[in-house]
Amino acid sequence: MPTDAKEPSGPSNFIRQIIQADLKRGKYEGRVVTRFPPEPNGYLHIGHAKSICLNFGFAEEFGGTCHLRFDDTNPSKENVTYVESIKEDVRWLGFDWDAHLYFSSDYFDRLYEYAISLIKLGKAYVDSLAPEEIRAYRGTLTEPGKESPYRQRSVEENLDLFQRMAAGEFEEGECVLRAKIDMAAANIIMRDPTLYRIRKRSHHRTNDKWCIYPMYDFAHCLSDSIERITHSICTLEFENNRELYDWILDTLGIYHPQQIEFARLNLSYTVLSKRKLIELVDGGFVDGWDDPRMPTISGFRRRGYTPGAIRNFCDRIGVAKRDSMVDLALLEHCIREDLNKHAPRFMGVLRPLRVVIENYPAGETESLEAINNPEDERMGTRLIPFSRELYIEREDFMEDPPKKFFRLAPGREVRLRYAYFITCTGIVRDENGEIAELRCTYDPATRGGDAPDGRKVKSTLHWVSADHAVNGEVRLYNHLFTVENPAAAEDFKAVLNPDSLEILGKAKLEPALAGLGIGEPCQFERLGYFCKDLKYSTADQPVFNRVVTLRDQWAKIKKQQKADKKQ
RNA sequence: UGAGGGUUGGUCUAGUGGCAAGACGACGGGUUCUGGCCCCGUUAACACAGGUUCGAAUCCUGUACCCUCAGCCA
């Protein structure tokens, strides 16, 4: 094994075992070359991240290389915008293809020559059947197909016709190049599959050089072969195509990588099909590909997820061949775990309730020291202004508190984090009878947050000094869908969660938050992790995205109490 | 009812003839200036039926159920 090999991440899996066995047997002379082959027709999502981590991960683990290859064989769907976004996303995830950036379209000349070789071998022919006829001739899952009347064309005629296809002498749909295999094959893929079709479209890289384009099955195995890939790792839906992958390379007698299939990722409460994601974007159901609710890499990035959390998630979900649905809770666990260790803490009040400390001198301000991250003392401390009028979270006060509610209530004493103990002495109501303000007293002896007499309080609240608060907008995100498996719904758009985005326009934030950079995740103590949005933040008003909530014991108790009441 | 795959706690994943393990979740407790983190504990699985074997999640046979394939998409 090469000396630069890395430790495997996560538990072992069947693909690693295949690679290890191949290495042991000396197959591929000890090389490990993988590739990530996206089609540039959409943005990358978390399912692609699994594939990226697998391919780049194995290459790194075994001291090999991983190629980034754009599978751009269909000019009617692909464009450069997608190429750029994909490169950005792979880089952001932390992977480096080094010099190995390729395009299937780079191989169009060689692919054309391989097609000529197949024709000369008598293994491919130009078929002039109409598309509907080809479908009818293919047979069904249980009945064999019929041979095309054009199947017996001579090598010379096929060569001539194929060259004329390439020269633009035929219209789209008039003819195709097909492999000559077996119209009665049990595997439908093998019933003379189409190799080349005519598309009179300009390609984003080869422009108007070609009007014939290779199909996936033809281009993919040959691209793998040309790049001397060793392990061609793809998803389960290509299992049936492996027979064709092998047939093309064997018939041509050229270098033959091994295709290995694994189960694609399914994540609860979201969809991971490119088609459905495009529908959400085009239908205006979300705010673009990078909407923080989207399961795209760019969506997670904007939401405030870190590459490390996503990589860790990919390691932990494992790889296997069975269809599965991973619980979104695992992804949330991964980002909490990362951010808990690394994110600086701040205080921010989402739904402000004004509090006046009656025995605190008006006009006075003092600074209190707060710890930036209790998990990492190297992150230091900061000063927070305190004054007579503050804001606390509306839900941290209840006039008539139920059992197990430890927070502020009339006559009750609680701690303001890093500040003082306060006791609620009165409620001020507005004309509608709603609670408009709280009157409290503070105990000067508890400065910093501890009582010299050793008395305890049941809870600690976050707060922001009214005069010093920065106004901001906060966006709370919830599951995009109301059901675990929206893909199984009759219409997945009908199960979109109407509450997936909640905008809070009147948040009061600790002044230090103004200095936080765009996209740097932080914790709002007791609430969750947030990060400043790169699209909507302005110089005078920051907009914060909630990455994920903190685990919330009280929310569970509340839910339970509500359920008990119903019974 | 053609072919190719699959089936281990609620979820994901190990196991490769010898004590069914880990993570997430859920539940309970401890600790705590975040009802966070951390710590401890509980819960809970080999699809089914036969067979081989001293011994089977693992090997064999059969059954059931699930997924993929009938694009000139990938």
Side-chain angles (χ1 to χ4, degrees), chain A residues 10-13 17 37-39 41 71 73-74 76-78 127 129-131 134-136 138-145 172-178 185-191 193-199 212-213 215-217 219-220 234-243 261 263 265 268 274-275 316-334 336-337 340-341 345 347 370-371 374-375 404-407 415-419 421 446 448-450 456-462 484 523-528 549-557:
Chain A
S12 191
N13 61 64
Q17 288 170 358
E39 181 188 15
N41 71 340
D71 207 352
T73 57
N74 186 352
S76 38
K77 288 179 150 185
E78 299 148 4
D127 194 355
L129 244 27
I134 289 188
R135 193 185 323 127
R138 186 151 31 227
T140 68
L141 294 177
T142 52
E143 298 155 335
E172 290 186 17
E174 244 186 290
C175 51
V176 290
L177 183 74
R178 298 178 74 179
N187 181 357
I188 292 184
I189 302 275
M190 299 300 277
R191 318 239 261 233
T194 302
L195 266 22
Y196 265 93
R197 78 292 215 184
I198 297 167
R199 283 288 172 274
I212 58 169
Y213 291 92
M215 297 287 288
Y216 164 83
D217 285 303
H220 194 257
C234 64
T235 45
L236 244 33
E237 65 268 27
F238 293 102
E239 256 173 335
N240 295 323
N241 300 55
R242 187 176 63 234
E243 192 177 352
E261 310 87 9
L265 171 69
S268 58
K274 229 184 247 182
R275 201 209 89 224
R316 291 165 81 147
I317 56 177
V319 204
K321 296 198 71 157
R322 79 182 77 152
D323 294 309
S324 59
M325 171 79 71
V326 175
D327 195 340
L328 222 206
L330 179 60
L331 215 211
E332 295 182 340
H333 169 81
C334 291
R336 284 191 189 107
E337 187 176 63
N340 175 51
K341 270 180 249 157
R345 306 262 133 154
M347 292 199 283
I371 294 165
E375 303 293 319
K404 292 190 181 171
F405 180 86
F406 304 144
R407 281 110 100 144
R415 171 167 40 232
L416 293 180
R417 183 118 159 117
Y418 300 123
F421 284 11
T446 58
D450 280 305
K456 301 286 182 199
V457 287
K458 294 269 274 191
S459 85
T460 300
L461 309 187
H462 59 278
E484 232 183 273
Q523 183 190 109
F524 286 6
E525 292 214 33
R526 303 208 308 132
L527 297 174
T549 60
L550 248 31
R551 283 185 68 218
D552 189 350
Q553 205 59 48
W554 170 238
K556 281 182 194 171
I557 295 168

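Quick note on labels: first sequence line is chain A, next is B, and so on, each numbered from 1. In this text, all values refer to a predicted model and were calculated from it rather than measured experimentally.
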Exercise. Whom does B/G36 pair with, Watson-Crick or G-U wobble, provided both distances fall under 3.5 Å?
Worked result: none
For this session: Starting from the C-alpha separation in whole Å, work towards a yes-or-no answer on side chain to side chain donor-acceptor pair (under 3.5 Å) for A/Glu243 and A/Asn187.
Result: CA-CA 8 Å; A/Glu243 192 177 352; A/Asn187 181 357; 2.9 Å; yes
For this session: For A/Gln17, report the nucleic acid contact type (base, sugar-phosphate, nothing); a contact means any heavy atom under 4.0 Å.
Result: base
For this session: Between B/G35, B/U34, B/C24, spot the one nearest the side chain of A/Ala329, thanks.
Result: B/C24
Problem set entry | Pair partner, B/A44 [Watson-Crick or wobble, under 3.5 Å] | none
Seminar exercise, completed: A/Leu331 atom CG is separated from B/A23 atom C1', nearest whole Å, by 14 Å
Exercise. What is the nucleic acid contact for A/Lys556, judged by heavy atoms within less than 4.0 Å: base, sugar-phosphate only, or nothing?
Worked result: sugar-phosphate
Exercise. Between B/G71 atom C1' and A/Ile134 atom CD1, what is the distance in whole Å?
Worked result: 11 Å
Exercise. Is A/Glu39 touching bases, backbone alone, or none of the nucleic acid, heavy atoms closer than 4.0 Å?
Worked result: sugar-phosphate
Problem set entry | B/C19: pairing nucleotide in any strand, Watson-Crick or G-U under 3.5 angstrom | none
Exercise. Base, sugar-phosphate, or nothing: which does A/Leu550 touch, judged by heavy atoms less than 4.0 Å apart?
Worked result: base
For this session: Mind checking A/Phe405 for me? I need base, sugar-phosphate or nothing, with any heavy atom below 4.0 Å counting as a touch.
Result: base
Exercise. Which nucleotide sits closest to the side chain of A/Arg526: B/G2, B/U68, B/G35?
Worked result: B/G35
Exercise. So what does A/Gln523 hit on the nucleic acid, given a heavy-atom distance under 4.0 Å: a base, only sugar-phosphate, or nothing?
Worked result: base
Exercise. A/Tyr418 near the nucleic acid: base, sugar-phosphate alone, or nothing, with a heavy-atom cut-off under 4.0 Å?
Worked result: base
For this session: Return the nucleotide paired to B/A64: Watson-Crick means purine N1 to pyrimidine N3 with N6-O4 or O6-N4, wobble means G-U with N1-O2 and O6-N3, both under 3.5 Å.
Result: B/U7
Exercise. Looking only at side chains, do A/Arg417 and A/His462 share a donor and an acceptor under 3.5 Å apart?
Worked result: no
For this session: Ignoring backbone atoms, test whether A/Arg316 places a side-chain nitrogen or oxygen under 4.0 Å from the OP1 or OP2 oxygen of B/G22.
Result: no
Exercise. Does A/Arg191 have a side-chain nitrogen or oxygen under 4.0 Å from the phosphate oxygens OP1 or OP2 of B/G71?
Worked result: no
Exercise. Contact class for A/Asp217 (heavy atom, under 4.0 Å): base, sugar-phosphate, or nothing?
Worked result: nothing
Exercise. Can you tell which of B/G6, B/A74, B/G4 lies closest to the side chain of A/Arg322?
Worked result: B/G6
Exercise. Looking across every strand, which nucleic acid part, if any, lies under 4.0 Å from A/Thr73 by heavy atom: base, sugar-phosphate, or nothing?
Worked result: sugar-phosphate
For this session: Tell me what A/Ile317 touches on the nucleic acid: a base, only sugar-phosphate, or nothing, going by heavy atoms under 4.0 Å.
Result: sugar-phosphate
Exercise. NA contact type, A/Arg138, heavy-atom cut-off 4.0 Å: base, sugar-phosphate, or nothing?
Worked result: sugar-phosphate
Problem set entry | Sugar-phosphate, base or nothing in reach of A/Asn41, heavy atoms under 4.0 Å | nothing
Seminar exercise, completed: Re B/A74: Watson-Crick or G-U wobble partner, both distances kept under 3.5 Å, found to be none
